[in-house]
Amino acid sequence: MKELPIPFKGHLVRAVLADEKTHTRRDISRLRGFGQITEFGRSDTPGYDWHFRDSAMRWHDIRHFELLRACPYGMLGHQLWVRESWRAPSSCDPLPPRSISDSEAIRFLADETVGADPGFGKVRPSMFMPRWASRIQLELTDVRVERLRDITRADAAAEGICFLLRDGFTGKLPDGTNIIQPHFWPEENFGRLWQSINGKESWYASPWVWVVEFRRIER
């Protein structure tokens, strides 16, 4: 079974663990086999569906099934393991992540009790989480491509927005206002969350994104 890593921030980890986040949207900025890409969009070349520039600024045309095969988050039936911020015992602080034994106990920043345990050391970013330390396994149930702002109300709820509201998530926009507001529709709150991560311009530009649907499975 093919497995690929996917990072999530702490508030979204909690939504995944509650089985209330079953979708994630990610910029189409990288393709397997091509690396970083730019200027992604519909192709006007007969017989092709999409086109993009690679890092050397060369244009490529690609068919839809080829695009799905190049998704960096995998294809239908593949599995993802979640990377999140974590701590190892403080005795491991001098060690790089690859040198920490998989027999060590670890703590996750998304858990409320993390800060109360003095036996655990520095916070390690999700990008440095080794496979053995991951506690969440996901199975892909659908992968598709759409414009960011085409998100529906139901899909915004599946992004975990309603859970974040109940969970008391109080992230801030650059102007200091709360990201999630109880009087907004889920799709409006999703837009505010997206802006807080990717910038206001990205939301209004409505880029093409991967829509990755998944279900959490027991490890």
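Predicted, not measured: the structure shown is a model, and the values here were computed from it. Counting from 1, the numbers follow the sequence of the chain as shown.
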*Report the C-alpha separation of W210 and V143 in whole Å, then their side-chain angles, then the decisive distance to 0.1 Å, and conclude whether the side-chain contact (heavy atoms from CB on, under 4.5 Å) test is met.*
CA-CA 7 Å; W210 298 112; V143 179; 4.1 Å; yes
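- A donor-acceptor distance shorter than 3.5 angstrom exists from the side chain of R83 to the backbone of M129, with no hydrogens or angles considered.
- Minimum interatomic distance between L148 and S206 (heavy atoms only, all atoms of both residues): N-OG, 3.6 Å.
- Here CG of D27 is found 13.5 Å from CH2 of W208. Values are rounded to the nearest 0.5 Å.
- Taking the side chain as every heavy atom from C-beta outward, K21 and R14 never approach each other to under 4.5 Å.
- Following chains of ILVMFWY side-chain contacts shorter than 4.5 Å, one cannot reach V145 starting from Y48, and the two form parts of different hydrophobic clusters.
- For the atom pair CD1 of I180 and CG of D167, the computed distance is 10.5 Å after rounding to the nearest 0.5 Å.
- When all heavy atoms of N178 and T170 are compared, the pair lying nearest together is OD1-O, 4.1 Å.
- A single hydrophobic cluster is not seen to contain both M75 and V209; linkage of ILVMFWY side chains at heavy-atom distances under 4.5 Å, directly or through other members, places them apart.
- Listed by first then second residue, pairs satisfying ring pair (Phe, Tyr, Trp, His ring centres under 6.0 Å) with a partner in residues 141-186 read H11-F169, not counting sequence neighbours.
- Judged by a 6.0 Å distance limit and a 45° cone about the ring axis, R124 is positioned over the six-membered ring of W86.
- The side-chain heavy atoms of L67 and L31, taken from C-beta on, include a pair separated by under 4.5 Å.
- D102 is linked by a side chain to side chain contact (heavy atoms under 4.5 Å, CB included) to W132, counting only residues two or more places apart in sequence or in another chain.
- Linking Ile, Leu, Val, Met, Phe, Trp and Tyr whenever their side-chain heavy atoms come within less than 4.5 Å puts Y204 and I197 in one cluster.
- Residues F108 and V13 fail the side-chain proximity criterion, which asks for heavy atoms closer than 4.5 Å.
- Between C162 and P186, the shortest heavy-atom contact is SG-CG, 4.3 Å.
- Contact between A110 and G10 at its shortest, heavy atoms only, is CB-O, 3.5 Å.
- Heavy-atom contacts from other residues, nucleotides or ligands closer than 6.0 Å to CZ of R69 number 12 or fewer.
- Looking at residues two or more places apart in sequence or on another chain, you find no salt bridge (charged side-chain N to carboxylate O under 4.0 Å, His left out) involving R30.
- Counting heavy atoms from C-beta on, the side chains of W203 and N198 never come closer than 4.5 Å.
- Residues E188 and Q181 fail the side-chain proximity criterion, which asks for heavy atoms closer than 4.5 Å.
- Atoms CZ and CD1, from F120 and I106 in turn, are 8.5 Å apart once rounded to the nearest 0.5 Å.
- I151 contributes atom CD1, which lies 8.5 Å from atom NE2 of H23 (distance to the nearest 0.5 angstrom).
- Pairing each heavy atom of V212 with each of F214, the nearest pair is O-CD2, 3.8 Å.
- The side-chain hydrogen bond (donor to acceptor under 3.5 Å, both in side chains) analysis of residues 59-68, with sequence neighbours excluded, yields the pairs S43-D61, T45-D61, W50-H64, D54-H60, R63-E66.
- Between L193 and L164 the shortest side-chain heavy-atom distance falls below 4.5 Å.
- A salt bridge is defined here as a Lys NZ or Arg NE, NH1 or NH2 lying under 4.0 Å from an Asp or Glu carboxylate O, and R216 with D19 meets this definition.
- Minimum heavy-atom separation, P207 to S202: CD-O, 3.0 Å.
- The CD1 atom of I62 sits 9.5 Å away from the CG atom of D49 when rounded to the nearest 0.5 Å.
- Side chains of E146 and T152 form no contact here, defined as non-hydrogen atoms less than 4.5 Å apart.
- By the 4.0 Å N-to-carboxylate-O rule, D150 lies too far from R144 to be salt-bridged with it.
- M127 shares a hydrophobic cluster with F128; the chain of contacts runs through ILVMFWY side chains whose heavy atoms sit under 4.5 Å apart.
- Between atom CG of residue L140 and atom CG of residue L138 there is a gap of 8.0 Å, rounded to the nearest 0.5 Å.
- No donor-acceptor pair closer than 3.5 Å links the side chain of H51 to the backbone N or O of F40.
- Using a 4.0 Å cut-off between a side-chain N of Lys or Arg and a carboxylate O of Asp or Glu, D175 and K200 do not qualify as a salt bridge.
- In this model, a donor atom of one side chain and an acceptor atom of the other lie less than 3.5 Å apart for Q137 and E3.
- Put simply, the side chain of R135 reaches to within 4.5 Å of the side chain of L17, judged on heavy atoms.
- R26 forms a cation-pi arrangement with F8, by the criterion of a distance under 6.0 Å to the ring centre and an angle within 45° of the ring axis.
- Among R149, R192, R153, the one residue that satisfies the salt bridge (charged side-chain N to carboxylate O under 4.0 Å, His left out) test with E187 is R153.
- A donor-acceptor pair is defined here as one N or O able to donate and one able to accept, closer than 3.5 Å; no such pair exists between the side chain of T22 and the backbone of E213.
- Under the side chain to side chain contact (heavy atoms under 4.5 Å, CB included) criterion, E104 pairs with P89, C92, I100, S101, not counting sequence neighbours.
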